[in-house]
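Report on the structure given below.
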2 protein chains.
Amino acid sequence: MSSARPLNYDPHDYEPFAVTVDLAVFTIRSGTLHALLIRRAEEPYAGDWALPGGFVRARESAHTAARRELAEETGISPDAVRTLHLEQLRTFSEPDRDPRMRVVSVAHTALVPDLPEPRGGSDAAHAQWVPLGPEGPRLPGASAVLPLAFDHDQILAEARDRIGAKIEYSCLATAFCPPEFTLGELQQVYETVWGTPLDRPNFRRKVLATSGFVEPVAGPARLTGGRGKPAAVYRAGPATALQPPLLRPRPEGQPR
Amino acid sequence: MSSARPLNYDPHDYEPFAVTVDLAVFTIRSGTLHALLIRRAEEPYAGDWALPGGFVRARESAHTAARRELAEETGISPDAVRTLHLEQLRTFSEPDRDPRMRVVSVAHTALVPDLPEPRGGSDAAHAQWVPLGPEGPRLPGASAVLPLAFDHDQILAEARDRIGAKIEYSCLATAFCPPEFTLGELQQVYETVWGTPLDRPNFRRKVLATSGFVEPVAGPARLTGGRGKPAAVYRAGPATALQPPLLRPRPEGQPR
DNA sequence: TCAAAAGTGTTGATCCTACACCCATGA
DNA sequence: TCATGGGTGTAGGATCAACACTTTTGA
């Protein structure tokens with residue numbers, strides 16, 4: 001805040017801003033990264049696809065608003081939504097990003113495990129999981145990338161980049177998994193987000209070498225495929241940072 | 001944006017928000033990290049120290065507003081300020097963070113080379129560089145950490161953490177250096193931000209191994225100390241990412 | 001001649017990649 | 001018995017921290 005702010009001022013003396021949250025919600029279904037999108041009912045961009053989101057209310061922080069919207073759009077209970085990974089991405093504030101008025105949006109990223117099809121709340125009965133190709137969202141069968149309303153293409157792309165970078169040095173990847181999972185499933189998360197195959201023995205060693213990343217659960221089970229040796233079951237541990245990091249294979253240039 | 005937004009709406013139908021930017025501006029002077037702080041003239045927190053900042057204007061993005069404020073507070077020309085490193089940190093939006101009204105602040109972090117004492121603009125003739133101890137800002141001679149107004153302690157601490165993390169895998173550190181610098185000076189940046197001494201031969205090798213991090217300049221010079229062999233002079237190169245990263249020595253636990 | 005800072009060389013430990021290999025299950 | 005996925009072992013190369021050493025300057 002500037003010291004030049006007058007002692008007594010009325011909010012309406014200043015340019016009125018609307019403050020919203022937009023959500024880039026990701027999940028992994030059948031080996032493909034998906035984002036939760038809605039179809040806009042009204043102008044502008046009526047009929048176009050967009051990120052879910054909404055206004056920050058009078059007594060809410062942006063984070064609280066994002067959590068509320070996430071529960072509404074996914075149909076997850078407000079209690080359960082507290083356990084999901086939800087973090088601020090960045091704030092988008094270009095003056096003309098919304099043609100109607102000045103809207104500043106605090107974009108958030110959320111990671112959820114594979115869910116039943118979203119049972120939309122009042123706000124968006126039409127929220128859908130849309131698969132993400134290498135270039136962006138693509139409806140099943142469509143040949144081209146789906147353009148989003150407003151600056152949501154940019155938000156989605158930034159959110160996706162951030163996730164890819166963040167699972168390298170944080171324990172975030174378990175947020176895509178159900179409460180109990182196998183190392184094969186965890187590896188699939190990495191492979192799906194990065195779009196690269198990983199060496200299974202080495203992946204396994206790296207994960208287990210980081211204390212607190214995953215912890216073993218009692219009875220074994222079979223999960224990843226219909227066949228093969230049953231895999232040991234793990235749950236997410238208390239750690240949040242990955243030390244040493246799990247670096248993705250660099251595509252070109254030096255092997256490292 | 002939510003699809004539930006009504007077709008025609010007036011901004012004042014909603015809770016009016018003020019949107020501000022706050023700046024965590026860092027520099028290094030004589031081997032110590034400093035932050036730019038101002039003294040508040042008015043209530044609340046009159047007389048307390050705070051981060052510089054101000055309102056986002058009607059036709060500005062948050063980034064533009066941050067750049068404008070940075071120029072005003074440091075006395076750097078609007079042209080020159082474009083070359084500085086300025087990036088969004090995150091948005092602070094707790095409902096009661098400002099006791100007067102609802103203020104959402106998009107915090108930014110800026111890195112500047114060592115400057116002459118800030119010639120305050122109209123807004124803050126009293127902006128000062130305050131050295132940062134391990135626990136936070138501390139006025140010269142003071143025994144305790146200086147508490148800041150609003151949630152600015154938290155903003156400053158987060159900004160500082162982020163810088164420490166970011167110079168590991170980005171070329172950001174050169175932003176603290178003048179246009180031409182020696183590797184000794186660059187190493188001092190790392191040592192100051194991290195608060196750890198580094199091995200000179202190894203530091204040198206790592207920096208030079210990353211193509212585009214620094215590039216040599218013609219004639220040699222003496223800089224770092226009054227004595228010793230003159231050091232080769234470099235300038236910042238075109239790279240932005242550091243591959244491989246320059247990891248800080250981990251204080252405890254596993255050697256890596 | 002000494003202290004201080006820049007710059008080069010080396011070595012042993014560590015880490016990691018890329019495999020080969022065995023195990024347990026369903027079909 | 002074969003295909004499939006889980007899990008263990010290991011060898012060779014790359015990397016890196018730590019430290020010895022040389023060089024060039026000011027005092």
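Please read all numbers here as calculations on a predicted model, not as lab measurements. Hydrogens, waters and symmetry mates are skipped; everything else that's a heavy atom, side chains included, is used. First the proteins, then the strands, lettered A, B, ... as listed; each starts at 1.
Between the CG atom of B:Leu198 and the C1' atom of C:dG7 there is a distance of 17 Å, rounded to whole Å. In this structure, A:Leu208 places its CG atom 13 Å from P of D:dG6, rounding to the nearest Å. The interatomic distance linking A:Arg205 (CZ) with C:dC19 (C1') rounds to 10 Å, in whole Å. Rounded to a whole Å, the CZ atom of B:Phe203 is 15 Å from the C1' atom of C:dA5. Atom CG in B:Leu247 sits about 14 Å away from atom P in D:dT15, given to the nearest Å. Atom pair B:Gln188:CD and C:dA4:C1' shows a separation of 13 Å (rounding to whole Å applied). If you measure from atom CD of A:Glu191 to atom P of D:dG5, you get 12 Å, rounded to the nearest angstrom. Between the CG atom of B:Leu246 and the C1' atom of D:dA17 there is a distance of 13 Å, rounded to whole Å.
Residue whose closest nucleotide on DNA chain C sits further toward the 5' end, between A:Arg227 and A:Asn202: A:Asn202. Nearest-nucleotide positions on DNA chain D for A:Pro230 and B:Pro230 put A:Pro230 closer to the 5' end. A residue-by-residue look at A:Gly228 and B:Pro201 shows that B:Pro201 has its nearest nucleotide of DNA chain C further toward the 5' end.
Note that CD of A:Gln88 and CZ of B:Phe92 are 8.0 Å apart. Values are rounded to the nearest 0.5 Å. Between atom CG of residue B:Asp114 and atom CZ of residue B:Arg29 there is a gap of 5.0 Å, rounded to the nearest 0.5 Å.
Salt bridge status for B:Glu158 with B:Arg162: absent, with no side-chain N to carboxylate O gap under 4.0 Å.
Judged by atom type and distance alone, B:Arg200 reaches the base of C:dA6 through a side-chain donor-acceptor pair under 3.5 Å.
Side chains of A:His152 and A:Gln154: no donor on one and acceptor on the other come within 3.5 Å.
Cation-pi geometry between A:Arg205 and A:Phe203 is not met: the NZ or CZ atom fails to fall both under 6.0 Å from the ring centre and inside 45° of the normal.
B:Arg204 has a side-chain polar atom (N or O) that falls below the 4.0 Å cut-off from OP1 or OP2 of C:dG7.
Side-chain atoms of B:Lys229 lie closest to D:dT24 of the nucleotides D:dA20, D:dT8, D:dT24.
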